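A quick write-up on the structure given underneath.
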Amino acid sequence: MKYLDEFSNPELAKLLLERIRATTTRRWAIMEVCGGQTHSIIRHGIDQLLPDQIEMIHGPGCPVCVTPLEVIDKALAIAAQPNVIFCSFGDMLRVPGSSKDLFRVKSEGGDVRVVYSPLDALELARANPDRQVVFFGIGFETTAPANAMTVYQAKRLGVRNFSLLVSHVLVPPAIAAIMESPSCRVQAFLAAGHVCTVMGTAEYPPLAETYRVPVVVTGFEPLDILEGIRRTVTQLEQGRHEVDNAYRRAVTAEGNPAAKAMLADVFEVTDRGWRGIGVIPDSGWRLSPRYRDYDAEYRFAVTDLHTEESPICRSGEVLQGLIKPHECAAFGKQCTPRNPLGATMVSSEGACAAYYLYRRLDLPAEVAHA
């Protein structure tokens, strides 16, 4: 299959690994921002094939994982109300709130439905004019255009019983927050190709210059990631800090102008909480004033709901790249995919789920004997 099999070629992977080894003379810590990249790295054992001097740090780029606990609880409160059809992508149904998840609300009689597009939720609203239909809009810049288009269409068509529970976050402010942390060890970033497909690359040169870190845009197949790492290591070894687009088959410098125009119309930038990390200034979107009537938080009066995280879950440290999943004492014990304490164990892009699925269960020797 074009753009799949050819980007998993083992001979080409071996060649790229040889070039990376030949280039590497020092220890480097590189963060892959996206959870999809994390799963590809762990699934294919890329981190184990790299030279010992290169450490891959798993970043906060899992949209399910960074959705704050209080937003999950707001979703639960809305979904439990009578006369509401609550719609979501399937990966959100098992994300734990303070005391339950959306599956539990469904089992208790709530009308919770899995849809494959926000436009499906809009069609449900048109077909059920006597009920309120809410779509759970989460994610990074990748999923936001479709959600923006749905709200735009709802207003254009005069569909008054549709609303959006918004928890959209932005990648560049998260990179800045990581670099500002006093415990930061990151020396370079692999940027998420699908985000840049929408937004382009213009936001990254100021970050690269301010924090003197290379930023290499890459895809998700094994050769994409290896080529991204090769270009990153080359910059690090040469003392450069530039933005490099290694995913040109999908990403252009300007991104998708139509999608960006829709985002600018429907959303406005706001401070946003990240699960396990906290509030990052100007790191999210909310509905702009002209679309505020479609904001589920205001429609259902849940704006003041606040919650606290599990005291034993260390997913926040995982999301910041401060620890690996198996360095959490609860990993694989109190916290498993069947009984997740945090969203990083639930999501198909979560680092904890990747480590559990691909059997990265052993503690490093220095941690096991600490």
Side-chain angles (χ1 to χ4, degrees), residues 27-39 41-42 47 54-72 95-98 138 140 167 169-171 173-190 192 211 213 272-281 283-284 307-337 339-358 360-370:
R27 300 191 67 84
W28 301 112
I30 303 169
M31 175 176 280
E32 81 277 1
V33 173
C34 177
Q37 293 169 334
T38 298
H39 264 252
I41 288 168
I42 303 302
D47 56 328
I54 297 178
E55 178 188 2
M56 299 305 300
I57 298 177
H58 314 312
C62 163
V64 175
C65 303
V66 301
T67 301
L69 183 63
E70 65 184 52
V71 176
I72 303 297
V95 179
S98 295
I138 72 156
F140 289 86
S167 187
V169 288
L170 307 174
V171 170
I175 290 178
I178 289 166
M179 293 307 301
E180 293 286 351
S181 170
S183 55
C184 177
R185 299 185 297 110
V186 179
Q187 296 166 289
F189 289 91
L190 298 184
Y211 300 108
V213 290
R272 179 65 70 181
W274 294 56
R275 188 168 191 171
I277 297 175
V279 175
I280 301 177
S283 68
T307 52
E308 294 185 6
E309 295 281 354
S310 163
I312 64 172
C313 177
R314 300 179 69 187
S315 61
E317 293 168 84
V318 173
L319 290 167
Q320 295 176 73
L322 301 178
I323 64 169
K324 296 292 193 291
H326 55 203
E327 294 177 285
C328 173
F331 175 80
K333 301 177 180 68
Q334 297 99 322
C335 183
T336 68
N339 182 39
L341 295 179
T344 48
M345 185 61 88
V346 174
S347 170
S348 60
E349 294 188 357
C352 294
Y355 271 60
Y356 193 94
L357 178 62
Y358 299 113
R360 301 290 186 84
L361 309 181
D362 296 328
L363 286 172
E366 63 272 17
V367 176
H369 294 95

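Just so it is clear, the values below take in all heavy atoms, side chains as well, and ignore hydrogens, waters and symmetry mates. Source: prediction; values computed, not measured.
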Would a distance-only check, ignoring hydrogens and angles, find a side-chain to backbone donor-acceptor pair under 3.5 Å from Thr336 to Asn339? yes
Please name the pair of heavy atoms, one in Met56 and one in Asp47, separated by the smallest distance, quoted to 0.1 Å. CG-CB, 4.4 Å
What closest approach, in Å, do Gly332 and Met345 show between heavy atoms, and which atom pair accounts for it? N-CE, 4.5 Å
Is any side-chain heavy atom of Ser183 closer than 4.5 Å to one of Leu322? yes
Contacts of Arg27 meeting side chain to side chain donor-acceptor pair (under 3.5 Å) (sequence neighbours excluded), chain-then-number -> none
Between Pro173 and Leu170 the two heavy atoms that sit nearest each other are CD-O, 3.5 Å
Distance, nearest 0.5 Å, that separates CD of Gln187 from CD of Glu55: 9.5 Å
Between Thr67 and Pro63 (side chain of the first, backbone of the second, donor and acceptor by atom type, cut-off under 3.5 Å), is there such a pair? yes
Considering all heavy atoms, the nearest Cys62-Gly350 contact: SG-N, 3.9 Å
I need the His39 NE2 to Tyr358 OH distance, nearest 0.5 Å. 6.5 Å
I need the Leu341 CG to Cys335 SG distance, nearest 0.5 Å. 4.5 Å
Please report the shortest heavy-atom distance between Phe331 and His326, naming the atom on each side. CD2-CA, 3.6 Å
Please round to the nearest 0.5 Å and tell me the distance separating atom CD1 of Ile178 and atom CD1 of Ile280. 7.5 Å
May I ask you to test the Arg275-Leu69 pair for a side-chain heavy-atom distance under 4.5 Å? yes
Is there a side-chain contact between Cys352 and Val318 (heavy atoms, below 4.5 Å)? yes
Could you tell me whether the side chain of Val186 reaches within less than 4.5 Å of the side chain of Val213, counting heavy atoms only? no
Closest non-hydrogen atom pair, Ile57 against Glu32: O-OE1, 2.9 Å
Go through the structure and list residues passing side chain to side chain donor-acceptor pair (under 3.5 Å) with Ser283, not counting sequence neighbours. Trp274
What's the spacing between Arg272 CZ and Ser167 OG if we round to 0.5 Å? 5.0 Å
Atom OH in Tyr355, atom OG1 in Thr38: separation rounded to 0.5 Å? 8.5 Å
